[in-house]
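Residue numbers start from 1 in every chain, and the chains themselves are labelled A, B, ... in the order their sequence lines are given, proteins ahead of strands.
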2 protein chains.
Amino acid sequence: MAERALEALIDALRRLPGVGVKSAQRMAFHLLQHDRDGALRLATALGDAVHRMRHCQRCHTFTEAEVCSTCEDPRRDGRQLCVVETPADQAALERSGSYKGLYFVLMGRISPLDGVGAADIGAERLLERAGDGVVEEVILATGFTAEGEVTAHALSQALKARGLRVTRLARGVPAGSELEYVDLSTIAHAMGDRR
Amino acid sequence: MAERALEALIDALRRLPGVGVKSAQRMAFHLLQHDRDGALRLATALGDAVHRMRHCQRCHTFTEAEVCSTCEDPRRDGRQLCVVETPADQAALERSGSYKGLYFVLMGRISPLDGVGAADIGAERLLERAGDGVVEEVILATGFTAEGEVTAHALSQALKARGLRVTRLARGVPAGSELEYVDLSTIAHAMGDRR
Ligand SMILES: [Zn+2]
Ligand SMILES: [Zn+2]
């Protein structure tokens, strides 16, 4: 076969989330026909990200340093710790401008059907982080999906058992939705009404 | 900023067709969190494809050799030449099992609004290829979109002026649709009913 490199590219693109075989073909043809520079830039960016990005030792989000720029920011209020599922959810909260505390990023959520438990989302690390003596309130901002609610419930119990004050974003967020797709004023209201 | 490599990856992913900022974020987080091997494999595949894939000297599709495996196949009927917009369209025709001739891949289509004319889709190269003395029939299988029809019309006139027999896939293909998304039996019928 004289098209092996093309097949390999289509296969590799298919591993991206949300990309089926037809999208992968389109992407491969587009890159080869119209954007070879973009293809090489993407190759470099992938290698750089894999080799440089690790997890922040305080909040567990992705960073190139020991501790991420948010955790390092002296203007953030260390008495509040907001727990989110993903960096995208954190970014949505940041864009809403309704929060000035710190974060903890689970990088997932409890999903009994997929065999993902509290240990897999770093619950121990969260309990340790929240028990630093500075944190006064832990705001659970996991999604309002079935799995997000299960996650919030499990974390809430463990955090309360340690004597921490635990709140949850108000139910202004439409049920069944992922936080990152919610409009910003809804997020801001939910932050203000947290209970 | 301690997240530069991540930002660069998201930017590079956004250049893929059909990928907006949120999809790019999801892809980047997924790769870093769950599939670093896949990320490195994609980086390698991109580099390999860019460095190895060029255009077939006979049909203009992507190949690593001078001439692609389809053009080299002695079982194909050299008297028929089917003109398609993209390798994906060619793949759809192949899957329909309705055609045993050779192909010419335009790698585009005439689009006056985007300033894409006959020269940009290699019309000269097609006329040369079709005039090899072996080709008896040129089957125009460009899409049944406005641009696909314009392309077929322009190529048809040029090919007929050279004394070639020109046919078009039958209008069984639903109007307004891209060939690669048409179901295979419709393609097979349209091939049988070509006029
Ligand atoms: Zn951090
Ligand atoms: Zn060829």
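Options A:Thr44, A:Leu16, A:Leu31 differ in how many heavy-atom pairs under 4.5 Å they form with chain B, and the most are formed by A:Leu16. Across B:Gly108, B:Cys56, B:Ala49, B:Ala28, the residue that shares the most heavy-atom pairs under 4.5 angstrom with chain A is B:Ala49. Taking A:Ala12, A:Gly47, A:Ala8 one by one and counting their heavy-atom pairs under 4.5 Å with chain B, the maximum is reached by A:Ala12. Contact count against chain B (heavy-atom pairs under 4.5 Å) is highest for A:Leu40 among A:Leu40, A:Val19, A:Asp48. Between chain B and the residues A:Met107, A:His30, A:Arg52, A:Arg26, the most heavy-atom pairs under 4.5 angstrom are made by A:Arg26. Comparing B:Asp35, B:Ile10, B:Leu46 by heavy-atom pairs within less than 4.5 Å of chain A, the highest count is held by B:Leu46. Taking B:Pro87, B:Ser23, B:Ala39 one by one and counting their heavy-atom pairs under 4.5 Å with chain A, the maximum is reached by B:Pro87. Options B:His55, B:Arg41, B:Gln25, B:Glu72 differ in how many heavy-atom pairs under 4.5 Å they form with chain A, and the most are formed by B:Arg41. Of the residues considered (B:Thr61, B:Val50, B:Asp11, B:Thr86), B:Val50 shows the highest number of contacts with chain A, using heavy-atom pairs under 4.5 Å.
Within a 6.0 Å sphere centred on NE2 of B:His34, other residues, nucleotides and ligands contribute more than 12 heavy atoms. Atom CZ of B:Arg54 has more than 12 heavy atoms from other residues, nucleotides or ligands within 6.0 Å. Heavy-atom contacts from other residues, nucleotides or ligands closer than 6.0 Å to CD of A:Glu124 number 12 or fewer.
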(message) Quick one, A:Arg58 with A:Arg125, criterion side-chain contact (heavy atoms from CB on, under 4.5 Å). Give me CA distance, side-chain angles, the key distance, then yes/no.
(response) CA-CA 9 Å; A:Arg58 297 200 81 205; A:Arg125 214 165 29 225; over 6 Å; no
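In this structure, chain A has heavy atoms under 4.5 Å from both the backbone and the side chain of B:Leu32.
Between the side chain of A:Tyr99 and the backbone N or O of A:Gln90 there is no donor-acceptor pair closer than 3.5 Å.
Counting only N and O atoms by type, the side chains of B:Thr142 and B:Arg168 include a donor and acceptor under 3.5 Å apart. Inspection of the B:Ser111 and B:Glu147 side chains reveals an N or O donor paired with an N or O acceptor under 3.5 Å.
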